[in-house]
Asker: 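Encoded as structure tokens, here's the structure I'll be asking about.
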Amino acid sequence: MFFRNLHSWNVSPKEAIDIQNRLKELLNFNTNVHNVSLVAGVDLSFFGEYGLAVIVVLDRNFDIKDVVYHVQKIEFPYVPGLLAFREGPVFLKAWEKLQTEVDVVFFDGHGIAHPRFMGIASHMGLFIEKPTIGVAKRKLVGNYENVPEEVYSYSYIKYNDKTIGIAFRSKKKTKPIFISPGNLIDLQSSLHITKLFLNGYKLPEPTRLAHIYTQKLKKEFIGKEPQ
DNA sequence: GCGACAG
DNA sequence: ATCTTGTCGC
């Protein structure tokens, strides 16, 4: 699949922050996402010096239509707020291998619910030029009021007087998940489409399945390839 | 200085 | 994310 390379990945943490501040001006949330038939879920696993990215494509019946993955060395350290610089390069290599056209892409991490509105879902959204949604298991920045215990209840995440996402109770007796738009989609649509792909678990099916593949493929890889 | 801190 | 088994609760 195609993607636009907006900058070099061989940068320092400080340069990465400058890039994020520059790219955030390119984000667009005024798009209407209609006819969502195929979506993709992205996740990564790690072993040794390597990272393994998986992209799973699903239809609205949760049937798997395609799966691609890519393994390569990880160059950037994990720094809260700079996740895209660690996982982005691996994801993009897997994205190049994808032959199936999708309507929306779910990422395991935040979209604009980020100190500079450039979480991995937003960052990758600018590269692949497709609607992206960030679904994280934990908060990065912002504040939100207590989310009622009732399923599907939610509260908005505020950061510097701006609404950046939603803390959403996706399953009974489970902590909320954090949903935020990446690029080319608005907050309400992000919530709506995420609900569309929930399948009885805390995390939406695209991301949940991508995670399962990421763990399974890693084990196969460790057993075959010499390290 | 202290607390927060995606994966 | 990853290192790792059982265990408490719904």
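Lettering follows sequence order; numbering is per chain, from 1. Note that the structure is a prediction, hence the values are computed from the model and not measured.
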Asker: For the pair made of CZ in A:F85 and P in C:dA1, what is the distance, rounded to whole Å?
Answerer: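 It works out to 21 Å between those atoms.
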Asker: Charged N to carboxylate O under 4.0 angstrom, A:R60 versus A:E205?
Answerer: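 So A:R60 does not pair with A:E205 through a salt bridge.
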Asker: Taking the six-membered ring where the residue is Trp, are the ring centres of A:H7 and A:H123 under 6.0 Å apart?
Answerer: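 Close enough - the centres of the two rings lie under 6.0 Å apart.
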Asker: Please report the distance, rounded to the nearest Å, between CD in A:E87 and C1' in C:dT2.
Answerer: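 Whole-Å distance recorded here is 13 Å.
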Asker: Between B:dA6, C:dC10, C:dA1, spot the one nearest the side chain of A:D108, thanks.
Answerer: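 The nucleotide sitting nearest to the side chain is C:dA1.
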Asker: Around atom NZ of A:K172, are there more than 12 heavy atoms from other residues, nucleotides or ligands closer than 6.0 Å?
Answerer: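 Open.
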Asker: I need the CD1-P distance between A:I164 and B:dA6, as an integer number of Å.
Answerer: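 The distance from CD1 of A:I164 to P of B:dA6 comes to 13 Å, rounded to the nearest Å.
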Asker: Which one, B:dG7, B:dA6, C:dC10, comes nearest to the side chain of A:I120?
Answerer: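 Nearest to the side-chain atoms of A:I120, counting from C-beta on, is B:dA6.
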Asker: Report yes or no: is the cationic atom of A:R208 (NZ for Lys, CZ for Arg) closer than 6.0 Å to the six-membered ring centre of A:Y201, at no more than 45° off its axis?
Answerer: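 Relative to the ring axis of A:Y201, which defines the angle, A:R208 lies inside both limits.
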Asker: Base, sugar-phosphate, or nothing for A:G134, non-hydrogen atoms under 4.0 angstrom?
Answerer: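 No contact.
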Asker: If you only use heavy atoms from C-beta on, which nucleotide in C:dT2, B:dA6, B:dG7 is closest to the side chain of A:H114?
Answerer: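 My answer, after comparing the listed nucleotides, is B:dA6.
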Asker: Are there any protein N/O atoms within less than 3.5 Å of an N/O atom in nucleotides 3-5 of chain B, and if so, which ones and at what distance?
Answerer:
none

Asker: How would you label the contact of A:L82 with the nucleic acid (heavy atoms, under 4.0 Å): base, sugar-phosphate, or nothing?
Answerer: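 Base: the residue A:L82, judged by heavy atoms under 4.0 Å, touches a nucleobase.
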Asker: Given atom CG of A:L83 and atom P of B:dA6, what is their separation to the nearest angstrom?
Answerer: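 From A:L83 CG to B:dA6 P: 9 Å.
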Asker: Between C1' on C:dC3 and NZ on A:K219, what's the gap in Å once rounded to a whole number?
Answerer: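 Nearest whole value for this atom pair: 13 Å.
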Asker: Would A:E150 and A:R169 pass as an ion pair if we require N to O under 4.0 Å?
Answerer: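 Not counted as a salt bridge, because no side-chain N and carboxylate O are separated by less than 4.0 Å.
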Asker: Check for a donor-acceptor pair, side chain of A:K139 on one end and backbone N or O of A:G142 on the other, with a separation under 3.5 Å.
Answerer: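 Looks like yes, one N/O pair under 3.5 Å.
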Asker: A:N146 and A:S155: side-chain donor and acceptor closer than 3.5 Å?
Answerer: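 Side-chain D/A pair, A:N146 to A:S155: absent.
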Asker: Assign A:K171 to base, sugar-phosphate, or nothing according to its heavy-atom contacts below 4.0 angstrom with the strands shown.
Answerer: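 Answer is nothing: A:K171 stays at 4.0 Å or more from every strand.
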Asker: Can you tell me the distance, in whole Å, between the CE atom of A:M124 and the C1' atom of B:dG7?
Answerer: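 After rounding, the reported distance stands at 14 Å.
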Asker: Can you check whether A:V67 reaches A:V57 side chain to side chain, under 4.5 Å on heavy atoms?
Answerer: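 SC-SC contact between A:V67 and A:V57 ruled out.
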Asker: Can any side-chain N or O of A:D59 pair as donor or acceptor with the backbone N or O of A:F62 at less than 3.5 Å?
Answerer: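 Present.
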Asker: Could you tell me how far apart A:F107 (CZ) and C:dA1 (P) are, to the nearest whole angstrom?
Answerer: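 Going from CZ in A:F107 over to P in C:dA1 covers 16 Å.
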Asker: Would you classify A:K172 as touching base, sugar-phosphate or nothing, given that sugar-phosphate means primed atoms plus P, OP1 and OP2, and contacts are heavy atoms under 4.0 Å?
Answerer: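 No contact at all - A:K172 keeps every heavy atom at 4.0 Å or more from the nucleic acid.
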Asker: In whole angstrom, give the distance that lies between atom CZ of A:F46 and atom P of B:dG7.
Answerer: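 About 11 Å, once rounded to whole Å.
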Asker: Could you identify which residues of residues 189-216 of chain A place a heavy atom less than 4.0 Å from some atom of DNA chain C, listed by residue number, or say none?
Answerer: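 DNA chain C contact set from residues 189-216 of chain A: A:H211, A:Q215.
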Asker: What about A:F91 and A:F107, are their ring centers closer than 6.0 Å?
Answerer: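 Yes - the distance between ring centres of A:F91 and A:F107 falls below the 6.0 Å cut-off.
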Asker: Would you say A:K137 reaches C:dA1's phosphate, i.e. side-chain N/O to OP1/OP2 under 4.0 Å?
Answerer: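 Yes, within the criterion.
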